[in-house]
Amino acid sequence: MTGRGIAGLGIAGLGLVGLIATSIAPAGAQETGQQAAGQQAAKTVHAVEKPRAVIELFTSQGCSACPPADKLLAEIADRPDVIALTLAVDYWDYLGWKDTLAKHGHTSRQKAYAKLRGDSKMFTPQAVVNGSAMAVGNDRSALEQTLATSRAPDLPVKLSVQGGKLHVAVGPGTGSGEVWLCPVASKAKVEIGRGENEGSEVTYHNVVRGWVKLGDWTGAAASFEAPLRRPGDMDVDALAVLVQSGSATAPGPILGAALQPIP
């Protein structure tokens, strides 16, 4: 299988997972504390403060075309100026294997991107760069070309941890958007027992384990704060913050971003 596509899912609402919050996620948000089977984390993520690109790889353990994309993302995640994130989707679960890292909100987010681009293209593995450009996730040349031509986020975002709290500073800029916090597991090793990848062991990198809205950014410099908690059933060892235009159900270009390991 060279890539799986899906359209007309009829999925309602963006399902989100709360981990660290001082504000309430949007109505209809779903929370779960279920540990991914076979998940193992290692502190290998590095801080990125001024990324030229944010990559969201929509992938699935039930898609035979995805492991090469997962490996490619791992390579790109090592670059000092790229934030590369894994967003596992759930729409291939019916093929015989329930993705242990998937969140329905990622499926909804991918669908929203396709709607806003106007191309209705929704498949795995699919990479979305800076919230706007799209490429096939296992096509190295296409992804590199998209990275080279996509407009880089230029809004300053800085993260720091002090006194058991996460502090987020967003600089001034043009436009407006929402500020989202994503707990991240830098590594998750999964043994896939059924489906198209049956018998495979795949290691996923920078896996997004949840979404928490910290607030709105209106163009002026702003700061946000959240208590730092690490639930025992999640192997989270890093935090990503995205400042993104649009809304949760209609995400636009990413204006600024940062990635920070949890000390």
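This one's a predicted model, so the numbers in the text were calculated from it and none came from an experiment.
The nearest pair of heavy atoms linking A226 to L214 is CB-CD2, 4.1 Å. Heavy atoms only, all atoms of each residue included: V54 and P153 are closest at CG2-CG, 4.5 Å. Counting all heavy atoms, side chain and backbone alike, L95 lies closest to G62 at CD1-O, 3.7 Å. For P80 against V48, the heavy-atom pair with the smallest separation is O-CG1, 3.6 Å. Closest approach of A65 to P68, counting heavy atoms only: O-CD, 3.4 Å.
D93 meets the side-chain hydrogen bond (donor to acceptor under 3.5 Å, both in side chains) test with no other residue; sequence neighbours excluded. Partners of Q244 under the side chain to side chain contact (heavy atoms under 4.5 Å, CB included) rule, at least two apart in sequence or in another chain, are R109, Y113, P251, I254. Every side chain to side chain contact (heavy atoms under 4.5 Å, CB included) that A47 has, sequence neighbours left out, goes to Q260, P261. For R194, there are no salt bridge (Lys or Arg N to Asp or Glu O under 4.0 Å) partners, not counting sequence neighbours. Not counting sequence neighbours, the partners of Q126 by the side-chain hydrogen bond (donor to acceptor under 3.5 Å, both in side chains) test are Q110. Residues passing the side-chain hydrogen bond (donor to acceptor under 3.5 Å, both in side chains) test with E178 are W180, K213, sequence neighbours excluded.
Among residues at least two apart or in separate chains, there is no salt bridge (charged side-chain N to carboxylate O under 4.0 Å, His left out) pair with a member in residues 246-263. Legend: salt bridge (charged side-chain N to carboxylate O under 4.0 Å, His left out) pairs involving residues 125-140, not counting sequence neighbours, sorted by first then second residue: E75-R140. Residue pairs meeting the salt bridge (charged side-chain N to carboxylate O under 4.0 Å, His left out) criterion with at least one member in residues 161-171, sequence neighbours excluded: K165-E225. For residues 150-159, every residue pair satisfying the side chain to side chain donor-acceptor pair (under 3.5 Å) rule, not counting sequence neighbours, is listed here: N130-S150. Judged as a salt bridge (charged side-chain N to carboxylate O under 4.0 Å, His left out), not a single pair has a partner in residues 240-259 (not counting sequence neighbours).
Side-chain atoms of C182 and L85, non-hydrogen and from C-beta on, never get closer than 4.5 Å to each other. At least one side-chain heavy atom of L239 sits under 4.5 Å from a side-chain heavy atom of L228. Considering only heavy atoms from C-beta on, Y204 stays 4.5 Å or farther from L73 through its side chain.
Under a 3.5 Å cut-off, the side chain of D235 and the backbone N or O of A188 do not form any donor-acceptor pair. Remark: side-chain polar atoms of T86 are paired, donor with acceptor, to backbone N or O of H205 under 3.5 angstrom. The closest donor-acceptor contact from the side chain of H106 to the backbone of A88 lies under 3.5 Å. Using a distance-only test at 3.5 Å, with no hydrogens or angles considered, a donor-acceptor pair links the side chain of N206 to the main chain of A84. D99 contributes a side-chain N or O that, together with a main-chain N or O of Q61, makes up a donor-acceptor pair within less than 3.5 Å. Looking at S200, its side chain never comes within 3.5 Å of a backbone N or O of V202 through a donor-acceptor pair. Using a distance-only test at 3.5 Å, with no hydrogens or angles considered, no donor-acceptor pair links the side chain of T107 to the main chain of V89.
For the atom pair K103 NZ and S108 OG, the distance stands at 13.0 Å (nearest 0.5 Å). Between W97 atom CH2 and C63 atom SG the span is 15.5 Å, to the nearest 0.5 Å. Separating the CG atom in L242 from the CG atom in L259 is a distance of 9.5 Å, to the nearest 0.5 Å. If you take CD on E49 and CD1 on I83, they are separated by 10.0 Å, rounding to the nearest 0.5 Å. Summarising the geometry, atom OG1 belonging to T124 is positioned 13.0 Å from atom CG belonging to L87; distances are rounded to the nearest 0.5 Å. Taken from CH2 in W92 to CD in E196, the straight-line distance is 8.5 Å, to the nearest 0.5 Å.
With respect to D119 and K121, no salt bridge is recorded, no charged nitrogen being found less than 4.0 Å from a carboxylate O.
Linking ILVMFWY residues whenever their side-chain heavy atoms come closer than 4.5 Å, directly or via other members, leaves I55 and V45 in distinct clusters. The hydrophobic cluster containing M134 does not contain L57, counting ILVMFWY residues as joined when their side-chain heavy atoms lie under 4.5 angstrom apart, directly or transitively. Hydrophobic clustering, with ILVMFWY side chains joined whenever heavy atoms are under 4.5 angstrom apart, groups L181 together with L155. Cluster annotation: W217 is connected to L166 through the hydrophobic network of ILVMFWY side chains, with a link wherever side-chain heavy atoms come within less than 4.5 Å. Hydrophobic clustering (ILVMFWY, side-chain heavy atoms < 4.5 Å, transitive): L255 and L159 are in one cluster.
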Side-chain donor/acceptor pairs under 3.5 Å, residues 142-149, sequence neighbours excluded:
from: E144; atom 1: OE1; to: R79; atom 2: NH1; distance (Å): 3.3
from: E144; atom 1: OE2; to: R79; atom 2: NH2; distance (Å): 2.5
from: T146; atom 1: OG1; to: A142; atom 2: O; distance (Å): 2.9
from: T149; atom 1: OG1; to: Q145; atom 2: O; distance (Å): 2.9

